[in-house]
Protein chains: 2
Amino acid sequence: MRPTMNDVARAAGVALKTVSRVVNGEPGVNESTAARVREAIQELGYSRNEGARMLRRGRTATIGLVIEDVGDPFYAGLSRAVEESVIRHGYLLLTGSSGEDPGRERELVRAFCDRRVDGLIVIPAGSDHTYLRPELDAGTPAVFVDRPPGPGIDADTVLCDNAGGAALAVGHLLRHGHRRIAFLGDSPSIFTATERLRGYRETLGELFDERLVTMRPATLEGVRADLDRMFALDDPPTALFTGNGRFTMTTLRALAGRWLPLVGFDDFELADLLSPGVTVVAQDPAGLGRVAAELLLRRIGGDDGPSEHLRLPVRLIVRGSVER
Amino acid sequence: MRPTMNDVARAAGVALKTVSRVVNGEPGVNESTAARVREAIQELGYSRNEGARMLRRGRTATIGLVIEDVGDPFYAGLSRAVEESVIRHGYLLLTGSSGEDPGRERELVRAFCDRRVDGLIVIPAGSDHTYLRPELDAGTPAVFVDRPPGPGIDADTVLCDNAGGAALAVGHLLRHGHRRIAFLGDSPSIFTATERLRGYRETLGELFDERLVTMRPATLEGVRADLDRMFALDDPPTALFTGNGRFTMTTLRALAGRWLPLVGFDDFELADLLSPGVTVVAQDPAGLGRVAAELLLRRIGGDDGPSEHLRLPVRLIVRGSVER
DNA sequence: GTGAAAGCGCTAACAT
DNA sequence: ATGTTAGCGCTTTCAC
């Protein structure tokens, strides 16, 4: 169907290898010969079959990215930054969403490895990554982002400062005189949720009260029920700390009219336009993606130093949802 | 480095072809032989090299997706739907963002085709797609989404009803008594912007006034300047129609305090939580992605009927930013 | 039921 | 400066 190097060689009246030289810009070809080859290429509409090339060369110039959900703004931003970084180095990106399903994560990794991607960037859904051991041993580097790999796997990891961010949020509320601060976070099985809980707990110290903590998927009904329960306490919360962007939005919806001082983890579009503007602890999704990509590219380049564990800073953005 | 079928064959004491049969679940292998092969596979940690397989079979089970920007919620949603659809059919997705740059779009398409993707889904940035002709002729189907291909290229296209949506928006404002309705949209070079302008213009009829139209990138400064200019008119606008999600948000920021009845094209997260809630014409990004993916899969499956041009409906979501 | 040989489109190593 | 040969890891064809 499509013309091959052989077709070009025949058309130009040269040997296969000469075409290869021209296509790859290798030296040692007479300019007039090269011109004839280029002409034939043009004529036939030849384009190199990268699949064949890669089979021969042993590298695919492809990186596999497993994220939680491309549809989520946080991961979409991360994704974009990864793409931006790797494409500049001549790599393409195979992407897939795990949808928080460990099985799916594993299938994607498997499919990517079967295609011999040169490296993997994974936002893990599961907590067991021993299945990756053979791939790592076979020389396919992997970088974990946003959450660390399960036990027994020693790979590069880029996280953000979850506990520190929670401390920032809670500290801000404490400074505004709050002593009853509720935490609404994701399921404890999710690493970031647990880390944020830890930061919250440690910062509250004596003030910690487990009745003011709820951890579960961010459904509107769930959050409503939890808030109702907390508000019915003798000593109800006077402020809220929401554990991620999704939770912040869901909580704002659940409050519907009522209002309570609030700090959310994760910045989000329009946080500044709500009234009052929502004070948040902002992560840097693009930064996570960029750093992870650069680390991976270094590994692909041959850096086999000890695995790195990076933690990116977060920052508090005060917008008024605490002071009003 | 990694074990090959040959290694497995040697380890199991069978011929290469027998391993191939087992790996591919082909019939005609003795169960005891098959068991020995499977054992060797396990032992060596063999996994099939899909690249080699594809070279031989002539198809890659990969689809290339060129979008504008994965970081944008609209395209992220579309992207996710495409992924969902194709993965169910055993395909993986190569993705890239054009960033509204025709050159980059072309490079991505080229890179995807060099890897012999089985099909392309493109949200075009440019307006000339004749470069795709050879690929289409070579049998690589392409589906255009959100915007049509440039002239001279006859490919499947999935759009949403841009003009109809604009008519819905403007009609809604007219019914609320507005006669001076401004349109703030993207650059005229962008298909959707021009289509929405057309719907706006046709619905306004005699009421159309070009001084109430501005089309340019959605920068805060630009929108501010345009609004100031319009408000300074003898007959200033009493309502706004914003041409896409980004514009709606930018306009809300530019208004900063001031308030004007407004309808936006594109739904967006938190549109309901702003006060007042923002009335929008909602597209269905996931629908666009799903329909495009299904159409492409049909083409890959061999359907070579005449090219299809689908237009998905939009709907008005009334939230209060007009009635207040 | 099993295997040997050819070849997918390319690059690497070695002639000439 | 150009060409020949082998082989990447697999599937296809055909023979036993």
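In what follows, every chain begins at residue 1, and chains take the letters A, B, ... in the order their sequences are listed. Side-chain atoms are counted along with the backbone in the values below, which use heavy atoms only and exclude waters and symmetry mates.
The existence of a salt bridge linking A/Glu84 and A/Arg80 is confirmed by a sub-4.0 Å separation between a basic side-chain nitrogen and an acidic carboxylate oxygen.
The 5' end of DNA chain C is approached more closely, in terms of each residue's nearest nucleotide, by B/Ala34 than by the other of B/Ala34 and B/Leu55. Sequence order on DNA chain C of the closest nucleotides to A/Pro3 and B/Val14 puts B/Val14 first from the 5' end.
One interatomic measurement links the two molecules: CZ of A/Arg10 to C1' of D/dG3, which rounds to 16 Å at whole-angstrom precision. Between A/Arg59 atom CZ and D/dG9 atom C1' the separation is 18 Å, expressed in whole Å. Between A/Asn30 atom CG and D/dA1 atom C1' the separation is 7 Å, expressed in whole Å.
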Could you give the side-chain donor-acceptor pairs of residues 85-94 of chain B under 3.5 Å, partners two or more places apart or in another chain?
| residue | atom | partner | partner atom | Å |
| --- | --- | --- | --- | --- |
| B/Ser85 | OG | B/Ala81 | O | 3.1 |
| B/Tyr91 | OH | B/Arg59 | NH2 | 3.2 |

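In this structure B/Tyr75 satisfies the ring pair (Phe, Tyr, Trp, His ring centres under 6.0 Å) test with no other residue, sequence neighbours excluded. Residues satisfying the side chain to side chain contact (heavy atoms under 4.5 Å, CB included) criterion with A/Asp284, sequence neighbours excluded, are A/Ala286. A/Thr62 meets the side chain to side chain donor-acceptor pair (under 3.5 Å) test with B/Arg115; sequence neighbours excluded. Remark: B/Phe144 engages B/His129 in a ring pair (Phe, Tyr, Trp, His ring centres under 6.0 Å) (not counting sequence neighbours). For B/Asp7, the side chain to side chain contact (heavy atoms under 4.5 Å, CB included) partners are B/Pro3, B/Thr4, B/Arg10, B/Leu44, not counting sequence neighbours. The side chain to side chain contact (heavy atoms under 4.5 Å, CB included) check on A/Val23 picks up A/Met5, A/Val19, A/Ile41, A/Tyr46, A/Arg48, with sequence neighbours excluded.
To the nearest 0.5 Å, atom CD of residue B/Glu107 and atom CZ of residue B/Arg110 are 10.5 Å apart.
Applying the side chain to side chain donor-acceptor pair (under 3.5 Å) test to residues at least two apart or on different chains, the pairs with a partner in residues 32-43 of chain A are A/Glu31-A/Arg38. Applying the salt bridge (Lys or Arg N to Asp or Glu O under 4.0 Å) test to every pair with at least one member in residues 137-151 of chain B, sequence neighbours left out, gives these pairs: B/Glu100-B/Arg147.
Taken over five-pair windows at either terminus, the axes of the helix from C/dG1-D/dC16 to C/dT16-D/dA1 are inclined to one another by 40° (rounded to 10 degrees).
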Scan nucleotides 11-13 of chain D against the protein and return all N/O pairs shorter than 3.5 Å with their distances rounded to 0.1 Å.
| residue | atom | partner | partner atom | Å |
| --- | --- | --- | --- | --- |
| D/dT11 | OP1 | B/Asn24 | OD1 | 3.4 |
| D/dT11 | OP1 | B/Asn24 | ND2 | 3.3 |
| D/dT11 | OP1 | B/Arg53 | NE | 2.9 |
| D/dT11 | OP2 | B/Ser20 | OG | 3.0 |
| D/dT11 | OP2 | B/Asn24 | ND2 | 3.4 |
| D/dT11 | O2 | B/Arg56 | NH1 | 2.9 |

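Once you apply a 4.0 Å limit to the heavy atoms of chain B, the touched nucleotides of DNA chain C run 5' to 3' over C/dG1 to C/dG9.
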